[in-house]
Amino acid sequence: MGEIRNVPFFNYPYVFTSNEEKFLSIIRDVGRRGAFILQKDLEEFENNIAKYVGAKYAVGVGNATDGLHLALRAAGIGPGDEVIFCSHTMVATASAIYFTGATPIPVECGRDHLIDHQSVEKAITSRTKAIMPTQLNGRTANMDELQSIADKNNLIIVEDAAQALGSKFKGRCAGTFGLAGVVSFYPAKTLGCLGDGGVVFTNDEKIYKKLRMLRDHGRDETGEVIIWGFNSRLDNIQAAILNYKLSFYEQEISRRREIAGLYQSLLGDVKEIGLPPAPNSDPEHFDIYQNYEIEAERRDELKEYLSKNGIGTIIQWGGKAVHQWEKLGFNVKLPFTEKMFQRCLLLPMNTSLTDDDVYYVANKIREFYGYGSK
Ligand SMILES: *Cc1c(COP(=O)(O)O)cnc(C)c1O
């Protein structure tokens, strides 16, 4: 028995301590200017992040859940409409649909854990108005296939790219495919701020203008109230912090891809588990590894074993796909997704991990299944 090493699933204090002095100076600067709401730091960040993903417009919002809700509203989704989403997602995806008055329609995930195109096609009815794919775990779905389904059926696409800032399909960034796309800055996300935050991307000027009003009480540039609106603005302090973090975001992604590569090389031969696609395994996909989601035989035992050895793991979404939360009133069986939920497990994946941490996690998994150490 070697020494037990503590590898938490996510290191929340590190979000702050990794750049503590810089953050404090940013907060001091914004605070002394009294620049809290809808100020230049937000505008600069919106410009920078739009440029980063290659979108025409970016609108900072209170969080990604609000962003999804407002994007659907801006697109005219409402009562009587149906919106298709993949059940392997955060409940936020579905609640954003629900609160427009539309009906959320869950469908299966595929083998890569992203929305399954065949299930989408089967779920389309005369009421379907939109498809909302989740670009899960930092991977972007095959958007060619999804777009062609949307085009054939006259549907819009709104992307839940909460987990996928900088992830690409065929060189194009998640969040820029549909009419609108949304990214989250929740602290544990790849670009996390010190609280809640989100952004909506769009290339459509009308949607852009509507989003800006929807997030700010329905007011236009002159302060005139044009529509019923909400209060969901990205705080200027958070924007200033995000602006700084965006300047080295590429390094963050590189490190995550490096860790994914390390897991792949250390666990690729373990037959009892299935790994996510390796970083350079498919030229069409550029994955940013928001999460590292494996499938495992005897998953619950493995989780327990890792926990006893100081390693934190998580079953995403509290262990259920959205349609499995019975009290929300879904009445559908999604056998592939349900089976997958008996096997899936998130391993630690974040930039506070050292290579030694990754070796330790991988070797404990090898040990559990009776493989020799690497
Ligand atoms: C985190 C997350 C959200 C919600 O983001 P918030 O900014 O916390 O509202 C929505 N969808 C997915 C897939 C997420 O991972």
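Quantities reported herein were computed from a predicted structural model and do not represent experimental measurements. For this chain, numbers begin at 1 and follow the sequence in order. First listed ligand is number 1; within each ligand, the first listed atom is number 1. Because only heavy atoms are used, hydrogens play no part in the values below, and waters and symmetry mates are left out as well, while side chains stay in.
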Give me the pairs of N or O atoms, one from ligand 1 and one from the protein, that sit under 3.5 Å apart.
unit_1   : atom_1 : unit_2 : atom_2 : d
ligand 1 : 5 (O)  : Ser184 : OG     : 3.4
ligand 1 : 7 (O)  : Ala64  : N      : 2.8
ligand 1 : 7 (O)  : Ser184 : OG     : 2.7
ligand 1 : 9 (O)  : Ala64  : N      : 3.3
ligand 1 : 9 (O)  : Thr65  : N      : 2.9
ligand 1 : 9 (O)  : Thr65  : OG1    : 2.5
ligand 1 : 11 (N) : Asp160 : OD1    : 3.3
ligand 1 : 11 (N) : Asp160 : OD2    : 2.8
ligand 1 : 15 (O) : Gln163 : NE2    : 2.9
ligand 1 : 15 (O) : Lys189 : NZ     : 3.2

Distance flag, aromatic centroids of [Y] and [X], threshold under 6.0 Å:
X: His285; Y: Phe169; result: yes
X: Phe45; Y: Phe185; result: yes
X: Tyr57; Y: Phe201; result: no
X: Tyr98; Y: His69; result: no

Option passing side-chain hydrogen bond (donor to acceptor under 3.5 Å, both in side chains) with His323 (candidates Lys333, Glu108, Glu338, His88)
Glu338
Could you tell me how the ring of Tyr244 sits relative to the ring of Phe23: parallel (under 30°), tilted (30 to 60°) or perpendicular (over 60°)?
perpendicular
